[in-house]
Amino acid sequence: MLPLKVRLAGVSHGDCQENIKNYANPTMMGIDEYDLIREPENPFDPNAIRVGLGTINFGYVPKEHARVISPIMDGGQNLVAEFVSVNSSPVHNTVGLTVRITEKN
């Protein structure tokens, strides 16, 4: 199952668009991975997993994947999200983010 490549959900909410545009490029930020933050109290999904850098939010692991990954994280396994690509729309001024979820060594 892992590693798992996913396009983040929820990228059009809150500050996600600006955050992806400003902070998601790992070469500019000097990073190679993002945090996976469990949000079991999330009112929309008790399996929610946010992807970000500290308080900077990029979006969420899609529900169908979070349902499988959240018990792994809750069991104590340390997972991270690695940069794959920033996705831009040819029609709209929007961006998304694709990451690879893997175990942290």
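Nearest heavy atom pair, residue Ile49 against residue Arg38, reads CG1-CD, 3.8 Å. The two residues Ile20 and Gly96 make their nearest non-hydrogen contact at CG2-O, 3.8 Å. Minimum interatomic distance between Ala81 and Val51 (heavy atoms only, all atoms of both residues): CB-CG1, 4.1 Å. When all heavy atoms of Met1 and Ile69 are compared, the pair lying nearest together is CE-CG1, 3.8 Å. The heavy-atom pair separating Ile101 from Leu2 by the smallest distance is O-CD2, 3.6 Å. Closest approach of Tyr60 and Glu39 over heavy atoms only: OH-OE1, 2.9 Å.
The shortest side-chain heavy-atom distance between Ile72 and Leu79 falls under the 4.5 Å cut-off. Between Asn93 and Lys21, some side-chain heavy-atom pair lies under the 4.5 Å cut-off. Taking 4.5 Å as the limit, every side-chain heavy atom of Phe58 sits out of range of all side-chain heavy atoms of Val99.
To the nearest 0.5 Å, the span separating CD1 on Ile37 from CG on Asn42 amounts to 12.5 Å. Taking CZ of Arg50 as the reference point, atom CG of Asp35 lies at 8.0 Å (rounded to 0.5 Å).
Within 6.0 Å of the CD atom in Glu64, the count of heavy atoms belonging to other residues, nucleotides or ligands exceeds 12. More than 12 heavy atoms of other residues, nucleotides or ligands shown are found within 6.0 angstrom of CG on Asn78. Heavy atoms of other residues, nucleotides or ligands lying less than 6.0 angstrom from OH of Tyr23 number 12 at most.
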Donor-acceptor pairs under 3.5 angstrom involving side-chain atoms of residues 4-17: please list them, not counting sequence neighbours.
| residue | atom | partner | partner atom | Å |
| --- | --- | --- | --- | --- |
| Gln17 | OE1 | Val95 | N | 2.8 |
| Gln17 | NE2 | Val11 | O | 2.9 |
| Gln17 | NE2 | Val95 | O | 2.7 |

Could you give me the CA-CA distance, side-chain angles and deciding distance for Phe83 and Leu97, then say whether side chain to side chain contact (heavy atoms under 4.5 Å, CB included) is met? CA-CA 8 Å; Phe83 175 82; Leu97 185 63; 4.0 Å; yes
Does the side chain to side chain contact (heavy atoms under 4.5 Å, CB included) test come out yes or no for Val86 and Asn25, once each step is laid out? CA-CA 8 Å; Val86 171; Asn25 186 326; 5.7 Å; no
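One N or O on the side chain of Asn19 and one on the backbone of Asn57 form a donor-acceptor pair closer than 3.5 Å. Not a single donor-acceptor pair under 3.5 Å links the side chain of Ser85 to the backbone N or O of Asn87.
A continuous path of ILVMFWY side-chain contacts below 4.5 Å connects Leu36 to Ile31, so both sit in one hydrophobic cluster.
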